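Down below is the structure, laid out as structure tokens.
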Amino acid sequence: QVQLVESGGGWVQTGGSLRLSCAASGIDVSFESMGWYRQAGGKQRELLASITSSGAANYLSSVKGRFTISRDTAKNTMYLQMNNLKPEDSGVYYCKTDPYMLAYGSWGQGTQVTVSS
């Protein structure tokens, strides 16, 4: 019933920017806690940013000041604005509901981000 579709990934040079989108159906993003995960090659998937139903945002230290998580209620979409990208930001980015509880919620299919040096 819940479907999350990520888009906006691609290739970018170091220092560039991308905006990822997570289009949701079956839920209202304004009523959900949601987050963005990243999985780099051969590494564990990690939570980069989350936003609660009240709008409070939290970030992994390595992306603070560079990434911004937000929602657009009218479009029922969550975004991740990524600025000043670095090669270590490369990986597959996933949208998720209930970001703090891995046993709950839903995942998107992921979108690839590649940052070249």
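Quick caveat: nothing in here was measured; it's all calculated off a predicted structure.
Proximity of a side-chain donor or acceptor of K86 to a complementary backbone N or O of V115 within less than 3.5 Å is not detected. Side-chain atoms of T97 come within 3.5 Å of backbone atoms of S106 as a donor-acceptor pair (strictly under, hydrogens ignored). In this structure a side-chain-to-backbone donor-acceptor pair under 3.5 Å is missing from T111 to S7. A donor-acceptor pair under 3.5 Å links the side-chain atoms of D72 to the main chain of K75, judged by distance alone. The closest donor-acceptor contact from the side chain of E6 to the backbone of C95 lies under 3.5 Å.
Tracing side-chain contacts under 4.5 Å through hydrophobic residues (I, L, V, M, F, W, Y), one never reaches V5 starting from V2; they form parts of separate clusters. No single ILVMFWY cluster, assembled from side-chain heavy atoms under 4.5 Å apart, contains both Y79 and L48. Cluster membership check: V63 does not share its hydrophobic cluster with Y37, using side-chain heavy-atom separations under 4.5 Å among Ile, Leu, Val, Met, Phe, Trp and Tyr. No single ILVMFWY cluster, assembled from side-chain heavy atoms under 4.5 Å apart, contains both L47 and M78. Both L60 and L18 are members of a single hydrophobic cluster when ILVMFWY side chains are connected at heavy-atom separations under 4.5 Å.
Closest heavy-atom contact between S116 and W11: OG-CZ2, 3.1 Å. In terms of heavy atoms, Y59 sits closest to T68 at OH-CA, 3.3 Å. Summarising the geometry of Y94 relative to G108, their closest heavy-atom pair is CD2-O, 3.6 Å, with the distance given to 0.1 Å. In plain terms, the two heavy atoms of K96 and L4 that are nearest each other are CA-CD1, 4.0 Å. In terms of heavy-atom proximity, T14 sits nearest to S117 at OG1-CA, 3.3 Å. Q112 and V92 get closest at one heavy-atom pair: OE1-CG2, 3.2 Å.
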Exercise answer: donor-acceptor pairs, residues 22-32 side-chain atoms, under 3.5 Å, sequence neighbours excluded:
| from | atom 1 | to | atom 2 | distance (Å) |
| --- | --- | --- | --- | --- |
| D28 | OD1 | S30 | N | 3.0 |
| D28 | OD1 | S30 | OG | 2.7 |

**Report entry** Test side chain to side chain contact (heavy atoms under 4.5 Å, CB included) applied to Y93 and L80, step by step
**Finding:** CA-CA 10 Å; Y93 284 69; L80 185 68; 4.1 Å; yes
Query - Worked verdict on V113 versus S90 for side chain to side chain contact (heavy atoms under 4.5 Å, CB included) - result: CA-CA 5 Å; V113 171; S90 297; 5.6 Å; no
Query raised in the report: Could you go step by step and tell me if R71 and I51 meet the side chain to side chain contact (heavy atoms under 4.5 Å, CB included) rule?
Result: CA-CA 9 Å; R71 297 173 298 194; I51 186 166; 3.8 Å; yes
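Side-chain contact check for T114 versus V12: every heavy-atom pair is 4.5 Å or farther apart.
When ring centroids are compared, W36 and F67 stay outside the 6.0 Å threshold.
Between the side chains of S17 and N83, at least one donor N or O lies within less than 3.5 Å of an accepting N or O. A donor-acceptor pair shorter than 3.5 Å can be found between the side chains of Y100 and S50.
Pairs passing the salt bridge (Lys or Arg N to Asp or Glu O under 4.0 Å) check and including a residue from residues 41-70, sequence neighbours excluded, read R38-E46, R66-D89.
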